[in-house]
Amino acid sequence: LALLGCFYGIVADQAESMFEDNPEMADYMAMLGSGSITDSFLATSVLMMALITAGYAVAAVLRMRTEEVASRADVILTTPTSRSRWMTGHLLVVGGGATIVMSAAGAAIGAGFASVTGDVGQIPRMLAAAWVTVPAILVVAGIAAALYGLLPKWSIAAWSLVVFVAVAGLLQGVLDLPQ
């Protein structure tokens with residue numbers, strides 16, 4: 001994601017010229033309401049990174065179910081390790097991993113953008129924009145964990161939340177959804 005983020009940052013400087021030949025995309029970027037087309041492009045880039053990270057978080061949470069169904073978790077759960085401690089360990093890795101991934105992606109977007117504009121202030125700006133998404137990613141992971149804990153056979157439904165967030169995040173302007 002850091003490499004992809006760096007690419008997004010490098011390309012962001014040319015976002016306005018890219019979209020001037022495509023008025024539909026320019027209108028879409030304007031509907032995002034982030035100010036300039038460049039800022040809208042950067043915001044959409046951070047959103048894409050957050051959606052991919054949310055997918056990672058759901059996959060990592062659902063890995064617990066995979067481990068349990070395949071009886072690999074039995075090796076740990078037959079020791080004095082409680083189920084809640086086992087799950088807490090997994091969730092700490094998910095939360096830490098999501099934070100690290102979004103930090104790397106945000107810093108890379110900022111570094112890529114700073115490399116073409118010369119404005120080093122873009123790095124902390126994009127890092128902060130990426131960090132803003134972490135609580136939402138953790139909520140998605142928490143809902144996936146709740147589904148796994150309460151309805152293990154239905155825990156796969158957590159992927160529908162990622163799809164909903166993607167549709168709402170990317171099409172909120174087109175669908176005229178509330179902010």
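A quick note: this is a predicted structure, and the numbers were derived from the prediction, not measured. Sequence positions, counted from 1, serve as the residue numbers for this chain.
Between Met49 and Ile109 there is a side-chain heavy-atom pair separated by less than 4.5 Å. Side-chain contact check for Thr38 versus Asp13: every heavy-atom pair is 4.5 Å or farther apart. Within the 4.5 Å cutoff, side-chain heavy atoms of Leu91 are placed close to those of Met64. Looking only at side-chain heavy atoms (C-beta outward), Leu42 and Tyr8 stay at 4.5 Å or farther from each other. Using a 4.5 Å heavy-atom threshold, the side chains of Val11 and Phe41 count as touching. Residues Asp39 and Arg125 form a side-chain contact, since some pair of their non-hydrogen atoms from C-beta on lies under 4.5 Å apart.
Residues forming a side-chain contact (heavy atoms from CB on, under 4.5 Å) with Ser103 (at least two apart in sequence, or on another chain): Thr99, Leu127, Trp131.
No continuous path of hydrophobic side-chain contacts links Val94 to Leu92 [ILVMFWY only; heavy atoms under 4.5 Å]. Clustering ILVMFWY residues whenever any of their side-chain heavy atoms sit less than 4.5 angstrom apart, transitively, puts Val134 in the very cluster that holds Val139. Val132 and Leu1 fall into different hydrophobic clusters, where Ile, Leu, Val, Met, Phe, Trp and Tyr are joined by side-chain heavy atoms under 4.5 Å apart, directly or via other members. Leu3 and Phe113 end up in different hydrophobic clusters when Ile, Leu, Val, Met, Phe, Trp and Tyr side chains are linked at under 4.5 Å. In terms of hydrophobic clustering, with Ile, Leu, Val, Met, Phe, Trp and Tyr side chains grouped at heavy-atom distances under 4.5 Å, Val140 and Tyr56 are assigned to different clusters.
The side chain to side chain contact (heavy atoms under 4.5 Å, CB included) with Ile137 is formed by just one residue from the set Ile52, Thr53, Val101; it is Thr53.
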Check the pair Val120 / Ile123 against side-chain contact (heavy atoms from CB on, under 4.5 Å), numbers first and verdict last. CA-CA 6 Å; Val120 182; Ile123 297 171; 4.1 Å; yes
Would you sort out whether Val46 and Met126 count as a side-chain contact (heavy atoms from CB on, under 4.5 Å), showing the intermediate values? CA-CA 8 Å; Val46 171; Met126 296 314 300; 3.5 Å; yes
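Taking OG of Ser82 as the start and CE of Met87 as the end, the distance is 11.5 Å to the nearest 0.5 Å. Interatomic distance, CD of Glu67 versus CH2 of Trp86, reported as 7.0 Å (0.5 Å rounding).
Contact record, Ala2 with Ala108: O-CB, 3.1 Å, taken as the closest heavy-atom pair. The nearest pair of heavy atoms linking Trp159 to Val58 is CE2-CG1, 3.6 Å. Taking both residues in full, the closest heavy atoms of Val165 and Leu51 are given as CG1-CD2, 3.7 Å, listed atom of the first, atom of the second, then distance.
Checked by atom type and distance alone, the side chain of Arg65 pairs as donor or acceptor with a backbone atom of Pro152 at under 3.5 Å.
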